[in-house]
Amino acid sequence: MRNGLDKDLIARVLGAEPKWTIAELEAKFPPRDLPDGAFVTRFAPSPTGFMHIGNLYSMLIDYKLASQSGGVFMLRIEDTDTKREVEGAVDLVKNAIRDFGFKYNNDEIYGPYFQSQRKDIYRSVAAELLARGLAYPCFLTADEMEEIRVKQNAAGFATGIYGEWARDRDLTADEIIAHLDNGEVPTIRLYSTGDPNKRIFCKDAVRGSISFPENNEDLVLIKSNDGLPTYHFAHLCDDHFMRTTHVVRGEEWLPSLPLHYQLFNMMGWTPPIYIHTATLDKIDAETGKQRKMSKRKDPENNLAFFLAGGWPTEALIEYLGNILAPGYEEAKLKGAVKTFWDYEMKPKKIPMSGGLFDMKKLEWWAKEYIGAMPVADLVTAVTNWANEYGTDENKMQVADAKYLSAVLGIERDNPKRVRKDFITWKQTLENVAFFWDKLFVPAIDYEYNRDVLRAFLETYDPADDKDTWWNKIVAIAEKTGIKNGDVAMNLRVALAGRTNTPDLYSIMSVMGGDMVRGRIGRVLNG
RNA sequence: GGUCCCAUCGUCUAGCGGUUAGGACAUCGGAUUCUCAUUCCGGUAACAUGGGUUCGAUUCCCAUUGGGACUGCCA
């Protein structure tokens, strides 16, 4: 510990008087009045203009834990890096939260929820640390720090500002004033008293107790360029005063856990319970090796990819949810629960090893999800997607809701035996495109048996019920001397332009007599 | 280099000292069907390696190997 700074110097060093004392802040942000066991969590993205799978992954834990426990889920914007900020990024975040059906509850009294608007809070806490000699102003320039780094590397020491290398940590008040008078703006650094030869024990809800060497780095608490806090300091102040009970974050934060414990200990505050999640990986197509999902290389890392591609958001939730709450899938298959929201997530069971993102399994969840949807809901979902993301052709397909409903309703009447060939809203429309004359692509290379087609036209009556219709097919088969299936196949290809389709009779019923006659006639005349 | 995390079928996992190591996806057969999709039945497939501890290790401990993260006035 060093000598604390006096009030006036603290104000000069911070650029403004601290607005509150710690006691005032404690009163301003009182403990939350919630039932025992309620989780208070937050999703805290940086507004970088990009929402990735990892964001959804951790937000799902936050939201689920809060909602299942009767707690609170907050949205906090971590806009402390003015250089990386992107316009419109906050709306992107909010839209994603809405699209996935999450609701956040930003109670005014714990706000504001933009870190850029919480300067007074950070300044007040920093003032306390400065007064107690647990933080100090540092006037090191970027160039000077680079010099230090070079020296440390050459000598084989760990890089960073610590101990002997921390030039300004024991500056006297007069020396500080001299720097200030010189027009220099300091960063506020932690005055670390940690001893790397001792160990600190930290807790993680998934991994249990983890020990690290104590932190001895004088990390930056408040940056000089804009007076905003670093992640570490913001985390301390915000999660304490927002009364967060559980901090869910990526495992890349594990190494800074000793620092965070140190910070909370210095303030005499209880740290939140940490849940560090493993990263979502994929196999690199070029190297064949497993690696973290990359923003640049992997389009499927971007949530916009799934939204634009028409993936049901619920399928993504079910897929990720099953990873985060192992056993959900089994419970669902057994009928014990209906959706992920009915299944209890246990923090301890959240996996700690990195997982591969499995598109095949996602497809399976999507098929299951769509397969279980009532036709009306399917039509709505597909229509909404087409109108927002679809092509003009897609929009045309959804224009007649009644026809679309008939098309999508094929083989969906028996809930035990629904078709599961719909994966995304987009792919659904592509799958059934042949039902529209404009989109129909005839199979020009197919070798039709024209006798069969002519014979069909002779006896075809759109009003026939299925048995009558089938008996006519059988009769044609006998007459022309080919198999029933071959007769059906000729009709199928003539109508749909392909060899794989749902039930033929249903197709004809939906198409209607004119379209059926038209397409068969087209083959015969063409 | 230093610190830390992780390790069960191809993938995601169950297992918490004694199991024929279970499930799901994928895959491969078979049955059903006018094709496809469904549905049903069945198969292939895993405890990274080496030491301990123990009567007994997938399970506990330690190494090794492999993968990952961090080591910024970015989060």
Side-chain angles (χ1 to χ4, degrees), chain A residues 44-46 48 78-81 83-84 115 138 140-142 145 149 153 156-161 185-189 196 202 204 206-207 210-213 215 217 219-232 234-235 249-258 276 278-279 281 283 289-292 319 322-323 326-330 332-334 349 351-365 367 371 410-412 414 416-422 431 470 473-474 477 483-493 496 498-505:
Chain A
S46 300
T48 58
E78 309 227 322
D79 54 350
T80 57
D81 185 0
K83 281 167 261 146
R84 283 207 312 167
Q115 289 184 327
C138 171
L140 247 18
T141 64
M145 284 170 49
R149 184 190 315 280
N153 274 329
F157 293 120
T159 54
I161 303 303
V185 181
T187 57
I188 307 302
R189 281 185 185 272
C202 305
D204 175 273
V206 185
R207 289 156 233 259
I210 307 170
S211 79
F212 303 83
N215 167 61
E217 284 198 58
L219 283 127
V220 172
L221 267 20
I222 292 188
K223 301 184 275 188
S224 63
N225 59 339
D226 47 21
L228 285 167
T230 55
Y231 170 86
H232 310 291
H235 159 53
R249 46 153 64 153
E251 68 180 348
E252 67 269 21
W253 290 108
L254 225 31
S256 49
L257 204 43
H276 291 97
T279 52
D281 300 348
I283 297 289
K289 286 195 163 185
Q290 183 164 342
R291 60 164 170 77
K292 204 172 158 181
Y319 169 66
N322 180 243
I323 291 177
Y328 161 60
E329 179 185 344
E330 249 179 294
K332 174 163 175 154
L333 259 24
K334 271 191 286 185
K349 303 284 279 181
M352 50 187 161
S353 51
L356 238 34
F357 191 81
D358 187 347
M359 282 298 268
K360 281 285 175 205
K361 187 94 191 228
L362 205 217
E363 286 185 6
W364 176 79
W365 280 106
K367 287 179 190 173
I410 291 174
E411 289 184 45
R412 292 183 79 83
N414 180 354
K416 282 279 171 207
R417 296 175 77 87
V418 276
R419 303 192 61 80
K420 289 192 180 147
D421 40 14
F422 296 152
N431 190 316
W470 180 245
I473 301 272
V474 173
K483 290 186 203 157
N484 297 347
D486 291 335
V487 174
M489 187 54 78
N490 270 279
L491 294 168
R492 170 172 295 112
V493 176
R498 63 191 203 205
T499 55
N500 304 337
T501 71
D503 178 66
L504 238 197
Y505 177 76

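Worth saying up front: this structure is predicted, and the values here are computed from it rather than measured. By convention in this document, chain letters (A, B, ...) are assigned in the order of the sequence lines, proteins followed by strands, and residues within each chain are numbered from 1. Heavy-atom basis, side chains included; hydrogens, waters and symmetry copies ignored.
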Taking the P atom in each of B/G1 and B/U13, what is the distance between them to the nearest angstrom? 29 Å
Examine B/C12: is either OP1 or OP2 under 4.0 Å from a nitrogen or oxygen in the side chain of A/K360? Give yes or no. no
Pick the C1' atom in B/A14 and in B/U54, then give their distance to the nearest Å. 25 Å
By nearest heavy atom, map A/P255 and A/D503 onto RNA chain B; which one lands nearer the 5' end? A/D503
Gap between atoms OH and P, on A/Y328 and B/A14 respectively (whole Å): 17 Å
Write down the distance separating the P atoms in B/C73 and B/G67, rounded off to the nearest Å. 30 Å
Using a heavy-atom cut-off of under 4.0 Å over every strand shown, decide if A/T187 touches base, sugar-phosphate, or nothing. base
I'd like to compare against my own output: the B/S/- annotation of nucleotides 41-49 of chain B with a strict under-4.0 Å heavy-atom distance to protein. ---------
side-chain N/O A/R417 vs B/U32 OP1/OP2, d < 4.0 Å: no
Quantified in whole Å, what is the C1' atom distance between nucleotide B/U71 and nucleotide B/G56? 44 Å
With nearest nucleotides of RNA chain B determined for A/C138 and A/P351 from heavy-atom distances, which residue corresponds to the more 5′ nucleotide? A/P351
Quick check: closest heavy atoms across A/M489 and A/T499, and the distance to 0.1 Å? CE-O, 3.6 Å
Can you tell me how far P of B/G72 sits from CG of A/N225, to the nearest Å? 17 Å
A/W364 ring centre to A/K361 NZ or CZ under 6.0 Å, with the angle to the axis within 45°? yes
Please state whether the base of B/C36 and the side chain of A/R498 form at least one donor-acceptor pair under 3.5 Å? no
Does the base of B/C36 carry an N or O that pairs as donor and acceptor with the side chain of A/R419 under 3.5 Å? yes
A/V220 side-chain proximity, nearest of B/A75, B/C25, B/C73: B/C73
Under a 3.5 Å limit on both distances, the Watson-Crick or wobble mate of B/A48 is B/U64
Please confirm whether the shortest side-chain N or O distance from A/T159 to OP1 or OP2 of B/G72 is below 4.0 Å. yes
Which value, in whole Å, describes the distance between the C1' atoms of nucleotides B/G51 and B/G68? 26 Å
For B/G15, does OP1 or OP2 lie under 4.0 Å from any side-chain N or O of A/K349? yes
Suppose you measure atom C1' in B/C60 against the same atom in B/G23; what distance do you get, rounded to whole Å? 26 Å
Does a nitrogen or oxygen in the side chain of A/K83 sit under 4.0 Å from OP1 or OP2 of B/C74? yes
At under 4.0 Å between heavy atoms, what does A/E411 touch on the DNA or RNA strands: base, sugar-phosphate, or nothing? base
Whole-Å distance, A/W364 CH2 to B/G23 P, equals 15 Å
What integer distance in Å separates A/M489:CE from B/C36:C1'? 8 Å
Using a cut-off of strictly less than 4.0 Å, decide whether A/K332 has a side-chain nitrogen or oxygen near OP1 or OP2 of B/G23. no
Is the A/Y319 ring parallel, tilted or perpendicular to the A/F357 ring (thresholds 30°, 60°)? perpendicular
Round to a whole Å and report the spacing from NZ of A/K420 to P of B/A37. 14 Å
Calculate, to the nearest 0.5 Å, the distance between atoms CG and CD1 belonging to A/L140 and A/I161 respectively. 5.0 Å
Taking atom P in both B/U38 and B/U64, compute the distance separating them and give it to the nearest angstrom. 49 Å
For the pair A/W365 and A/Y328, name the ring-plane relationship: parallel under 30°, tilted 30 to 60°, perpendicular over 60°. parallel
Using a distance-only criterion (donor-acceptor N/O pair, under 3.5 Å, no hydrogens), is the base of B/C73 paired with the side chain of A/S224? yes
B/A69 OP1/OP2 closer than 4.0 Å to side-chain N/O of A/T279: no
Using atom P in both nucleotides, what's the gap between B/G18 and B/U58 to the nearest angstrom? 10 Å
B/C70 P sits how many Å from A/E251 CD, rounded? 9 Å
Distance in angstrom units between A/K367 NZ and B/U38 P, rounded: 6 Å
Now, which nucleotide makes the Watson-Crick or G-U wobble pair with B/C70, with each of the two distances under 3.5 Å? B/G2
Determine which nucleotide pairs with B/C25, using a 3.5 Å limit on both distances of a Watson-Crick or G-U wobble pair. B/G10
